[in-house]
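Contents: one structure, followed by commentary.
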Amino acid sequence: MKPRIFYTKPSITEREVAYATDAARHGWGSACYDYIHKFEALFREHIGTEFAIPTSSCTGALHMGLAALGVGPGDEVILSDTNWIATAAPITYLGAKPVFVDMLADTWCIDPELAERAITPKTKAIIATHIYGNLCDMGRLLAIGERHGIPIVEDSAEAIGSAWGSRRAGSRGKFGTFSFHGTKTVTTGEGGIFVTNDADLYEKVLTLSNHGRARNQPKQFWADVVGFKYKMSNIDAAIGCGQMERIEELIAGKRRIFTHYAEALTDLPLTMNPEPDGTTNGFWMPTIVCAKETGITREKMQEAFRADSIDARVFFHPLSSLPMFESRPENKNAYDIPGRALNLPTFHDMTEADLEAVAGTIRGLFQGN
Ligand SMILES: *Cc1c(COP(=O)(O)O)cnc(C)c1O
């Protein structure tokens, strides 16, 4: 039996361990926010937004951001059918309706034209998720948002390292959100962050994030609105500080892995994450989509990977195919592509031999053995 190749695991060094240990030993009392503040500053600097609020998850950051935009019962929020459930869930928490539109076949991100067509008087926001690190067409989405007076939100949970020139994913929309779950490029175990350049929105989310207590409220224990409790812990933030000090290395690691796969698979009839001119893809999740005529299905790939002790991760199911949502089979790409796609293993400590093994399994499939 070959040793198993995991699909993902974080890169944790002595630096993160030392900071977490320091936080556990000394990070209490007057020092109980020190790592949180440091992490927030490091992240803000990296992304290039004016404001940031660390949270316990990306889901929580999205929940608060959408609440601050005034999303409520009866409202609609447009997003790609191809998404992780965490992007849609906060919409439903607020009593609003997620409106699922199809993705583009090449970027696997929301189709701007379909998003515009789905706008109704009830639309309160459009969420642009940069899927697997691939960038949405933000230029077009922002123009649509401007034309209709609708904010564009960037769910950038998968887009650390992705950028248009020097402008990083998450910094261009009304607000952006990130996840630091253990599978993501930067981890704090569990965690997330809300980022924005909008001072008013920041103030609103800051109040919401503090159980509805505004920071200029002089009365102690006085809440002006019902807020949320999605705070990041100081110990988690300490791990995050170690990660942010290694951010360039973490991003470079994802690129090394993607590049190896792309070169090893270059002559096969499949497509992988695109990286248009003038942009950088953070390559969170290297993904292959087999050409239709090959007849290679997700199930065939899963079987071959299993036989070789390699973890395979399926491409996101269309959210509208889940039992709690209304089915939207007219979203052709969202329903077609997952059936012939797979996410490949990607973690920092992958050796050349691991990468060769994965590429070898894929080549074997195309050679029919
Ligand atoms: C991981 C992920 C989330 C959720 O992040 P959590 O920190 O687990 O809440 C949201 N959206 C996308 C696109 C994700 O990949």
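One-based numbering, in listed order, for ligands and for the atoms of each.
Counting only heavy atoms of the protein, atom 1 (C) of ligand 1 lies nearest to Lys184 NZ, 1.5 Å. In terms of protein heavy-atom proximity, atom 15 (O) of ligand 1 is nearest to Glu158 OE2, 2.5 Å.
Within the 6.0 Å centre-distance limit, the rings of Phe180 and Phe39 are counted as a close aromatic pair. If you look at Phe100 and Phe325, their ring centroids are closer than 6.0 Å. Taking the centre of each ring, Tyr230 and Phe194 stay at or above the 6.0 Å mark. For His211 and Phe228, the gap between ring centers reaches or exceeds 6.0 Å. Centroid-to-centroid, the aromatic rings of Trp84 and His130 stay 6.0 Å apart or farther.
In terms of polar-atom proximity, defined here as any N/O pair under 3.5 Å, Phe316 makes no such contact with ligand 1. Below 3.5 Å of separation, one finds no N or O of Glu190 facing any N or O of ligand 1. Polar contact with ligand 1: absent for Trp284 (N/O pair, distance under 3.5 Å). Between His181 and ligand 1, not a single N/O pair is under 3.5 Å apart.
Only the side chain of Ala157 comes within contact range of ligand 1, with a heavy atom under 4.0 Å; no backbone atom does. Both the backbone and the side chain of Thr59 come within contact range of ligand 1, each with a heavy atom under 4.0 Å.
Counting the atoms of ligand 1 from 1 in the order shown, those under 4.0 Å from a heavy atom of Thr129 are 13 (C). The ligand atoms of ligand 1 that sit less than 4.0 angstrom from a heavy atom of Ala86 are 3 (C), 4 (C), 10 (C).
In this structure, NZ in Lys124 is found 11.5 Å from CG in Leu66, a value given to the nearest 0.5 Å.
Heavy-atom distances between Gly191 and ligand 1 reach below 4.0 Å in at least one pair.
Between Tyr35 and Tyr19, the ring-plane angle classifies as tilted under the 30° and 60° cut-offs.
Checked options Asp336, Asp102, Asp81; the residue passing with Asn331 is Asp81 (criterion: side chain to side chain donor-acceptor pair (under 3.5 Å)).
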